[in-house]
2 protein chains.
Amino acid sequence: MIFSSKLIEDAVQEFSRLPGIGKKTALRMVLQLLKMDEQEVDEFTGAVSRMRHGIRFCKECHNVADSEVCVVCVNPGRNRNQICVVENIRDVIAIESTQQFSGLYHVLGGILSPLDGVGPEQLNLSTLHQRVKNNEVSELIMALSPTIEGDTTVYYIARQLKDLPVTITTIARGIAFGGELEYADEMTLARSIAKRLPIDNYVTMK
Amino acid sequence: MIFSSKLIEDAVQEFSRLPGIGKKTALRMVLQLLKMDEQEVDEFTGAVSRMRHGIRFCKECHNVADSEVCVVCVNPGRNRNQICVVENIRDVIAIESTQQFSGLYHVLGGILSPLDGVGPEQLNLSTLHQRVKNNEVSELIMALSPTIEGDTTVYYIARQLKDLPVTITTIARGIAFGGELEYADEMTLARSIAKRLPIDNYVTMK
Ligand SMILES: [Zn+2]
Ligand SMILES: [Zn+2]
């Protein structure tokens, strides 16, 4: 594409760095920003800038947070006996959006994937171990994507915590095997959590 | 969607204002920005901000420009006898990207569409008239989308300039009737311009 403005070219270039955004889509967005008032564009860049510079990660659960501890962990109404273990922040948003889960979360920051060089050290596993050991956690709900990597991660964690008095369950297979958690609709996701299975049944069912 | 961070929610909200960007896509972009270094995000917001505040519109042709006159108009290598009349900036980028047109442009800023309240006063028509009258323009190539509104605009301009010694041509119908110019591939677009027709033939052909 040949632009007749370096300013536009640079902005299109920056948008193209975002996932799934080709040059044409990037241009469309840039031209939309061009139509907006300067003040509206300042609000756009301001929100992005404040987000990136201001965001923190909850020291309890590794979820995104606007201060030291996230709004979920700080909420006295949440059930502290249940921790839902997820791969990433997008999964927390997906599950929170179902409004069906009242426990806490633990964001692993990935799943075990030797081929991609993701081993146990890359994940937030030691803090999970600490939380189970030190607190009144009675159930860990493994809400990982039903893939080989997700399963491997579930087994790894189960083995790591086998001597602690905690029940490990996995969300029900409402999601197709191989499917990605974040693409599930809210209803399916809510039902999967409600119909979760203890990890032994889960193994038997396979 | 329920976010557990106001910072993220605000940024997603801002991205959702862009065309064709739903909440899920906006979130995906925001989370990508979250993964980037703070400095990279500053480059992103900086490019957007500089673009919006710095952009100007060429005083000759109304194309986007980084200074008073755009890079096309300022280029001594361009053929000043031909002016390609387009609806918007996206069309200039599309035609420039074919690298087959060496003349100048005139960006109308829309096409006549009485139903949408776009009349002749809303378009850059008086400057077009001036350019044809005052300069050595021998041909106006009408590169408007082949729609009812595009045709109406072509006829309006042809009537307005009928007493001036200028040939008015339209780009060849390589583009399906009703199709939008900007979606045409570069080859089709280049061929359409090469095989343009004088406006009389164009009327006969219909
Ligand atoms: Zn937290
Ligand atoms: Zn110009």
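Just so it is clear, the model here is predicted, and its values are computed rather than measured.
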K.L.:
Does anything in residues 125-139 of chain A reach chain B? List residues with heavy atoms under 4.5 Å apart, or say none.
P.N.:
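At a heavy-atom separation under 4.5 Å, chain B is reached by no residue of residues 125-139 of chain A.
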K.L.:
Can you say whether A:Asp37 sits under 4.5 Å from chain B via the side chain, the backbone, both, or neither, judging by heavy atoms?
P.N.:
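Backbone only.
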K.L.:
Got a sec, which residues hit salt bridge (charged side-chain N to carboxylate O under 4.0 Å, His left out) with B:Glu9, two or more places apart in sequence or on another chain?
P.N.:
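Testing B:Glu9 for salt bridge (charged side-chain N to carboxylate O under 4.0 Å, His left out), a comparison that skips the adjacent residues, returns none.
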K.L.:
Can you tell me how far the NZ atom of A:Lys35 sits from the CG atom of B:Asn88, to the nearest 0.5 Å?
P.N.:
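Taking NZ in A:Lys35 and CG in B:Asn88, the distance rounds to 7.5 Å.
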K.L.:
Which answer fits B:Ile8, side chain, backbone, both or neither, if we ask what part of it has an atom under 4.5 Å from a heavy atom of chain A?
P.N.:
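When you check distances to chain A, atoms from both the backbone and side chain of B:Ile8 fall under 4.5 Å.
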K.L.:
Spell out the residues in residues 47-79 of chain B that have some non-hydrogen atom less than 4.5 Å away from a non-hydrogen atom of chain A, in order of number; otherwise answer 'none'.
P.N.:
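B:Ala47, B:Val48, B:Ser49, B:Arg50, B:Met51, B:Arg52, B:His53, B:Gly54, B:Ile55, B:Phe57, B:Asn63, B:Val64, B:Asp66, B:Val71, B:Val72, listed by number.
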K.L.:
If I measure from the heavy atoms of chain B, does A:Val30 come under 4.5 Å with its side chain, its backbone, both, or neither?
P.N.:
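Interface part for A:Val30: both.
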K.L.:
Tell me the closest heavy-atom pair linking A:Arg17 and B:Glu43, and the distance in Å.
P.N.:
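Closest pair (atom of A:Arg17, atom of B:Glu43, distance): NH1-OE1, 3.8 Å.
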K.L.:
Within residues 103-117 of chain A, which positions have a heavy-atom distance to chain B below 4.5 Å?
P.N.:
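Those residues of residues 103-117 of chain A which would need a heavy atom under 4.5 Å from chain B do not exist here.
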K.L.:
A:Thr45, A:Leu18, A:Ile2: which one forms the most heavy-atom pairs within less than 4.5 Å of chain B?
P.N.:
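Looking at each option in turn, the highest pair count goes to A:Ile2.
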K.L.:
With a 4.5 Å cut-off on heavy-atom pairs, point out which of A:Leu31, A:Ile89, A:Asp10 contacts chain B the most.
P.N.:
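Highest number of pairs under 4.5 Å: A:Leu31.
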K.L.:
Report which part of B:Leu27 has an atom under 4.5 Å of a heavy atom belonging to chain A: side chain, backbone, both, or neither.
P.N.:
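Answer is side chain: those atoms of B:Leu27 sit under 4.5 Å from chain A.
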K.L.:
Would you check if A:Glu96 and B:Met1 make a side-chain contact, meaning some heavy-atom pair closer than 4.5 Å?
P.N.:
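Result no, sub-4.5 Å side-chain heavy-atom pair not found.
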K.L.:
Once you measure the plane-to-plane angle for B:Phe44 and A:Phe15, does it fall in the parallel (<30°), tilted (30-60°) or perpendicular (>60°) bin?
P.N.:
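Rings of B:Phe44 and A:Phe15: perpendicular, as their planes differ by over 60°.
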K.L.:
Please rank B:Gly20, B:Ser5, B:Ala11 by heavy-atom pairs under 4.5 Å with chain A and give me the top one.
P.N.:
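Ranked by heavy-atom pairs under 4.5 Å with chain A, first place is B:Ser5.
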K.L.:
Among A:Val92, A:Thr25, A:Asp42, which residue has the highest count of heavy-atom pairs closer than 4.5 Å to chain B?
P.N.:
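Of the candidates given, the most pairs with chain B belong to A:Asp42.
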